[in-house]
There are 2 protein chains.
Amino acid sequence: MMNLDHKTVSIADQVFERLERKILIGEYQRGELLTEIKLSEEFGVSRTPIREALRRLEQEHIIDITARGATVLGILPQDIDDIYEIRSRIEGLASRWMAERVNEEDMAEFRRVIDLQEFYTAKGDADQIKDMDSRFHRMIYEKCGSVSLSDTLLPLHKRVMKFRRVSVSDQTRAEESLAEHRGIFEAIAAHDGALAEKLTVQHIAHARDSIMGRVLSEKEG
Amino acid sequence: MMNLDHKTVSIADQVFERLERKILIGEYQRGELLTEIKLSEEFGVSRTPIREALRRLEQEHIIDITARGATVLGILPQDIDDIYEIRSRIEGLASRWMAERVNEEDMAEFRRVIDLQEFYTAKGDADQIKDMDSRFHRMIYEKCGSVSLSDTLLPLHKRVMKFRRVSVSDQTRAEESLAEHRGIFEAIAAHDGALAEKLTVQHIAHARDSIMGRVLSEKEG
DNA sequence: CTCGATATAATTGTATACATTAAACCAGAG
DNA sequence: CTCTGGTTTAATGTATACAATTATATCGAG
């Protein structure tokens, strides 16, 4: 995934991505207080890029900044359920639009992603499965042809990342999920927007059931 | 609207709000190059708070930052249409949830907003009508009880602000819009979630028709 | 005259010093 | 022992100096 528009990746951008990832996968706990000084020591940079990253994370409601520092915000079962309700209503739209607008080059990359997912699902590598699952969905957002829809779906997708990791650790669900992705992929490849939308809505509903079942039984971590 | 959680409003926050507003209402033109130095002189502050504001605007895809400065990104008719398609699918959900969860105190404020909208609509004051229209929709986002849904809808709403101003300049549409808001308000007040959702979906569809009709005939500014 | 390497100027990127804020602590009065 | 108020402290908020980058202009070779 090269940097085609020749935009320099600044330290602030790197800090943002690393920090966001650490929070989203749960490496920083909910309620944990992050200070700029501690973070600047941890990342080996000054406070300036740390601050910019924190401001962006605050805007996404991933942290809350006060005079004492930045508090990591958690996510409740109700939030997860809300997010899946929202996604079930609009993620199908992204698949539909991608089916109608995508070109062959992007479809080739799309195929590589799902082939990799199949490979790791056969191996039962949960971390890799989760990453490929993410790439599959993000690919749809990026290639649906609407920045607004992509900007809408991506934050929702990010917020449930930690829980999807748990879900795909179940080999049965991982294989189901792969089959559903394969169906969506084929519909998009055939430029059948209506089918792609329908299958995506079903896929989101299944993912929701799988994740909510686990979250509710575990009483959240 | 008091600051209940005692959080200081920093200069950076103020700059962000003023800058965002200026871009969203069209005071800075699409393609215009904003430099940190020019902005810091214009706002009378150092580059630091300007930078933080610009980073947040970049995250919302309102500007694009390069080594030359920040370019104001425009919005195409296709984007507006996409946004209304997305909103038509999820904004009704916000009304439904608000109907099911809202308390009496918030409803009293909600009533004041729509009463003001009625007042300004009778006067034909387009700027005030647009502001009350915004407050009506934002109130639903804030009181629907889901941060995720609010975070999802608010950016979409902001992006079409400039065009709604044009739409409500038409007195007939302004009165229609008021009547539709009144219907949604009554449904929420009666805690009738299904009706609130249905009326909201219709309202979004009408707003879309009104705005797209104008945008397409004007060939965009 | 054109192309390309190079110098230059203007801007963003980063580090750091200083100002401000607010929570925590402690002491003294009731 | 509890409440109050001032002091301390540890963090964020802001300004500014300096570094790095990039587009543009310039100069020279072909």
Side-chain angles (χ1 to χ4, degrees), chain A residues 2-23 27-74, chain B residues 1-23 28-74:
Chain A
M2 278 189 297
N3 198 10
L4 291 176
D5 45 344
H6 298 278
K7 214 167 161 177
T8 318
V9 179
S10 66
I11 292 177
D13 290 338
Q14 294 172 42
V15 167
F16 171 72
E17 280 173 25
R18 289 176 58 188
L19 210 46
E20 185 188 44
R21 180 178 170 80
K22 280 196 170 191
I23 294 172
E27 198 167 320
Y28 293 126
Q29 301 293 324
R30 154 161 90 215
E32 191 168 344
L33 187 69
L34 308 174
T35 66
E36 293 175 5
I37 296 168
K38 264 197 324 186
L39 291 172
S40 65
E41 284 165 2
E42 182 177 340
F43 286 87
V45 298
S46 79
R47 279 177 55 210
T48 308
I50 300 283
R51 277 183 71 77
E52 292 184 358
L54 289 176
R55 283 319 238 283
R56 290 169 65 186
L57 292 171
E58 185 187 34
Q59 178 132 327
E60 290 183 339
H61 283 168
I62 288 174
I63 60 172
D64 178 51
I65 298 177
T66 68
R68 307 270 308 140
T71 309
V72 177
L73 296 175
Chain B
M1 203 96 66
M2 276 189 299
N3 197 10
L4 292 177
D5 44 23
H6 299 279
K7 214 165 160 177
T8 318
V9 178
S10 66
I11 292 177
D13 290 338
Q14 293 172 42
V15 167
F16 171 71
E17 280 174 24
R18 289 175 60 189
L19 208 48
E20 185 188 43
R21 181 179 170 77
K22 281 195 169 192
I23 293 172
Y28 293 124
Q29 300 293 324
R30 153 160 91 216
E32 191 168 344
L33 187 69
L34 307 174
T35 67
E36 293 175 4
I37 296 168
K38 265 197 325 185
L39 291 171
S40 65
E41 285 166 2
E42 182 177 337
F43 286 87
V45 297
S46 80
R47 279 177 56 210
T48 307
I50 301 282
R51 277 183 71 78
E52 291 185 359
L54 289 176
R55 282 323 239 283
R56 290 169 64 185
L57 292 171
E58 184 187 35
Q59 178 133 326
E60 291 183 339
H61 283 169
I62 288 174
I63 60 171
D64 178 53
I65 298 177
T66 68
R68 307 269 306 138
T71 308
V72 177
L73 296 175

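Letters go in sequence order (proteins before strands), and every chain restarts at 1.
By the 4.5 Å heavy-atom criterion applied to side chains, A:Leu54 and A:Leu39 are counted as neighbours. Side-chain contact between B:Arg55 and B:Ile65 is present, with at least one heavy-atom pair separated by less than 4.5 Å.
The residue among A:Arg68 and A:Asp13 whose nearest nucleotide of DNA chain C is located toward the 5' end is A:Asp13.
In this structure, B:Ile63 atom CD1 and C:dT12 atom C1' are separated by 12 Å, rounded to whole Å. Rounded to whole angstrom, the span from the CG atom of A:Leu33 across to the P atom of C:dA22 amounts to 16 Å. B:Arg56 places its CZ atom 11 Å from the P atom of D:dG13, with the value rounded to the nearest Å. When the C1' atom of D:dT21 is taken as reference, atom CD1 of B:Ile65 falls 15 Å away, rounded to whole Å.
Backbone-only contact: B:Leu34 has heavy atoms under 4.0 Å from sugar-phosphate atoms and none from a base.
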B:Glu60 and B:Leu57: CA distance, side-chain angles, deciding distance, side-chain contact (heavy atoms from CB on, under 4.5 Å) verdict: CA-CA 5 Å; B:Glu60 291 183 339; B:Leu57 292 171; 4.2 Å; yes
side-chain contact (heavy atoms from CB on, under 4.5 Å) between B:Glu41 and B:Ile50, worked out: CA-CA 10 Å; B:Glu41 285 166 2; B:Ile50 301 282; over 6 Å; no
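The pair B:Glu42-B:Arg18 does not count as a salt bridge, with every side-chain nitrogen at least 4.0 angstrom from each carboxylate oxygen.
Applying a 4.0 Å cut-off to non-hydrogen atoms, the residues of residues 36-54 of chain A that approach DNA chain D are A:Glu36, A:Arg47, A:Arg51, listed by residue number.
Distances shorter than 4.0 Å separate some side-chain N or O of A:Arg55 from OP1 or OP2 on D:dG13.
Closest to the side chain of A:Ser10, out of C:dT11, C:dT14, D:dT14, is C:dT14.
The side chain to side chain contact (heavy atoms under 4.5 Å, CB included) search around A:Glu32 returns A:Tyr28, A:Gln29, A:Leu34, A:Val72, not counting sequence neighbours.
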